[in-house]
Number of protein chains: 2
Amino acid sequence: MTKTSKKKATIYDLSVLSGSSPSTVSAVLNGTWQKRRIKESTAALIRDLAETHQYTANRQARGLRSSRSGLIGLLLPVHDNRYFSSMAQTFEAHVRSKGQCPIVVSASRDPEEERKTAETLISYSIDELFICGATDPDGVHEVCETVGLRHINIDLPGTKVPSVISDNYQGGRMLTEAIIRHFPADQPLRPDELYLFGGRDDHASRERIRGFRAVKRELLGDDPDGCIQPTGYAPNNARLAFEAFYEKHGKLPRGVFINSSINFEGLLRFMAGHPHENFADLTVGCYDYDPFASFLPFPVIMIRQDVEGMITKAFEVIEEGRPQPRIHLISPELVQPRTALTGPLDALKDIG
Amino acid sequence: MTKTSKKKATIYDLSVLSGSSPSTVSAVLNGTWQKRRIKESTAALIRDLAETHQYTANRQARGLRSSRSGLIGLLLPVHDNRYFSSMAQTFEAHVRSKGQCPIVVSASRDPEEERKTAETLISYSIDELFICGATDPDGVHEVCETVGLRHINIDLPGTKVPSVISDNYQGGRMLTEAIIRHFPADQPLRPDELYLFGGRDDHASRERIRGFRAVKRELLGDDPDGCIQPTGYAPNNARLAFEAFYEKHGKLPRGVFINSSINFEGLLRFMAGHPHENFADLTVGCYDYDPFASFLPFPVIMIRQDVEGMITKAFEVIEEGRPQPRIHLISPELVQPRTALTGPLDALKDIG
DNA sequence: CTTGTTTGCACAATCGATGGTGCAAAGACT
DNA sequence: AGTCTTTGCACCATCGATTGTGCAAACAAG
């Protein structure tokens, strides 16, 4: 068992080995050595030793001293969803490219959980926090604010700091219009045949609903209140709403606007319970993109939110000095049925 | 601007406020105060102050001193995939329930990246590392070993520490058999009509292929080599393989075993390029579960790996003192077409 | 040779929490 | 009252890196 085998080398070890002081070693290894007028030859020696002894800085020590950690946090509602997991994937790539370390945590859409999670992250002295899809962004803002932590909202806006969100109104309009136009002119959709399921009383849902209603009124001439069925995000609640509709009308609406892919799973569950229905006249629009959903046996028009665009914008905005709490809208994209788009995974090389 | 508003309270602040020493404050707030014979009334006072001043311990300082961080790492290939993201979701729940903080990072299936990522995590003094789906688990093991970090493999096995993986051989058998039996007796599948696409030279793929070939030989009497098409995991490579087959034979095989949902996306891309084909006689088996894929317009039989079971087992094994480097197999589950299963998200309450 | 300047680095305080050790005051006992 | 215990806590070194400051040696200028 050689000496290099068990504990990690520190600047003190290298200091002894090199014959210089710990502060010199530190300066060399963190790049501030020119500023400290360290001789190139000394620096080279130390770099060499660091390499052969596999030195890596103890981030906790560094963070303690400098009150920065190199960690950048992303607070998500859930991982288990293509939209949010592609958010995580994209976020990670950006953070890594800045030489920092991403830390992605979910908080289940629970305001209390969101705040507690943010506090946990803060206790690790994270340097920045991206708050994505939070139920209570301003609550999280409070806890960031008291410790002076830079943060920004994504996907759902807050009122205290900038927010980068999908243009849900336009997206809602696009999707609604696409659903309506998908029906042939000789069998047009009636206003009471186009329903919206899913979502709840958050900014995104409200905007989508606003777009939905506006387009319905413009294109179909009417917009009955009963066609809006906000079920929350839980798949089972969505399923129950479909069941209830089906009970009452003996069929599904011809046109269905579903607020998110998670809600869409509720429709699948409903369908699994009705194996002999073939839902031949059904057209679905879903505010989220999933490649498999796009190929379902009925027309599924989808919205793909521009995750890359949102993350990029968020990084831009958060770098600004004193950003105003304005809302940055990122346009989503309409995806026709049977479309297989590429995603962040395609950027990866496939070894082997 | 009150004094509480800007910087975080430390034990020194509370020490002044309470009139006790920092070490007393520390002991009270980290639970070791009984051992230190602190008076209950003193403890109560300090707890009170901590509460009103919103004290939370600086984890970096604690970690520096104790060389533990409270962080538990999960190293994934990618986030952007239902299998791995549900891994993340489940992992997170387990870690949080132990009062620790999950840190989930992806390494793109790149051995070099995997090692570097592990080192980064180590520099934050993480307490344990779960290595999931790593291309080179033993490489990661090396870097963990040199610093004495407890770790375990999930999904793909290593040889140095315990591994908890899906029973890929059995799963491969189940899925292959289900595909074969899905064809009616009067139009049975011939051996050269059942292909396997995707995967590469890793343990999981090999085992699945072994199961696939064994069942083919048992049930169909033959098992031509050409029916195995390992394309790697990239969707586009899988697409190219389907294109190539289609070029050559003018159709797809009647039965297709796809190694993962990521590869399945390659099939979708192929299909998007052949809009007028209806692939009426196609049956797909996919080694992964995705609710939307399950409802595609052709029969899709899926395997759902028991993520909850694997994570639970992994936590059990890692707690053991000196676990042997054996492989723990977790049985996956066969999922019939048009099945909408619940997932980790269903455990969440839906607020609002 | 003296004075000033630059070069190159060492010293030591510091970040916040932990835990071993020591010691005064209070209580128990003879 | 004197000694021994127990109680209750303070003191201080420590984890590993950062950073402001100081200072000797080398060199330049006069």
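Convention: sequence-line order gives letters A, B, ...; per-chain numbering from 1.
- Of all non-hydrogen atoms in B:Ile330 and B:Gly309, the two that sit nearest each other are CD1-O, 4.1 Å.
- In summary, contact between chain A and DNA chain D, defined as any nucleotide atom under 4.0 Å from a heavy atom of the protein, begins and ends at D:dG16 to D:dT21 in the 5' to 3' direction.
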N/O donor-acceptor pairs under 3.5 Å from side chains in residues 313-321 of chain A, not counting sequence neighbours:
residue	atom	partner	partner atom	Å
A:Glu319	OE2	A:Lys98	NZ	3.1

* **side-chain contact (heavy atoms from CB on, under 4.5 Å) between B:Met87 and B:Glu308, intermediate numbers included** => CA-CA 8 Å; B:Met87 202 66 95; B:Glu308 174 66 41; over 6 Å; no

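- With sequence neighbours excluded, the residues forming a ring-ring contact (aromatic ring centres under 6.0 Å, His included) with A:His141 are A:His151, listed by chain and number.
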* Quick one: do A:Tyr233 and A:Asp202 satisfy side-chain contact (heavy atoms from CB on, under 4.5 Å)? Show the steps, please. => CA-CA 11 Å; A:Tyr233 285 108; A:Asp202 59 29; 2.9 Å; yes

Would you be so kind as to tabulate the donor-acceptor pairs closer than 3.5 Å made by side chains of residues 61-78 of chain A, with sequence neighbours excluded?
residue	atom	partner	partner atom	Å
A:Ser66	OG	A:Arg62	O	2.6
A:Ser69	OG	A:Leu71	N	3.0
A:Ser69	OG	A:Ser125	O	2.7

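- A salt bridge (charged side-chain N to carboxylate O under 4.0 Å, His left out) check over residues 33-46 of chain B, counting only residues at least two apart or in different chains, returns the pairs B:Glu40-B:Arg47.
- Rounded to an integer number of Å, the gap from B:Trp33 CH2 to C:dG19 P is 17 Å.
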Would you tabulate the pairs of protein nitrogen or oxygen atoms and nucleotide nitrogen or oxygen atoms of nucleotides 9-17 of chain C closer than 3.5 angstrom?
residue	atom	partner	partner atom	Å
C:dC9	OP1	A:Thr42	OG1	2.6
C:dC9	OP2	A:Lys39	N	2.4
C:dC9	OP2	A:Thr42	OG1	3.3
C:dA10	OP1	A:Gly19	O	3.4
C:dA10	OP1	A:Ser21	N	3.3
C:dA10	OP2	A:Ser21	N	2.7
C:dA10	OP2	A:Ser21	OG	2.8
C:dA10	OP2	A:Thr24	OG1	2.5
C:dA10	N6	A:Arg36	NH1	3.3
C:dC11	N4	A:Ser23	OG	2.8
C:dT14	O2	A:Arg65	NE	3.4
C:dT14	O2	A:Arg65	NH1	2.8
C:dC15	O2	A:Arg65	N	3.2
C:dG16	N2	B:Ala61	O	3.1
C:dA17	OP1	B:Tyr55	OH	2.5
C:dA17	OP1	B:Asn58	N	3.2
C:dA17	OP2	B:Ile11	N	2.6
C:dA17	N7	B:Tyr12	OH	2.7
C:dA17	N6	B:Tyr12	OH	3.3

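- In this structure, A:Gln54 places its CD atom where only 12 or fewer heavy-atom neighbours from other residues, nucleotides or ligands lie under 6.0 Å away.
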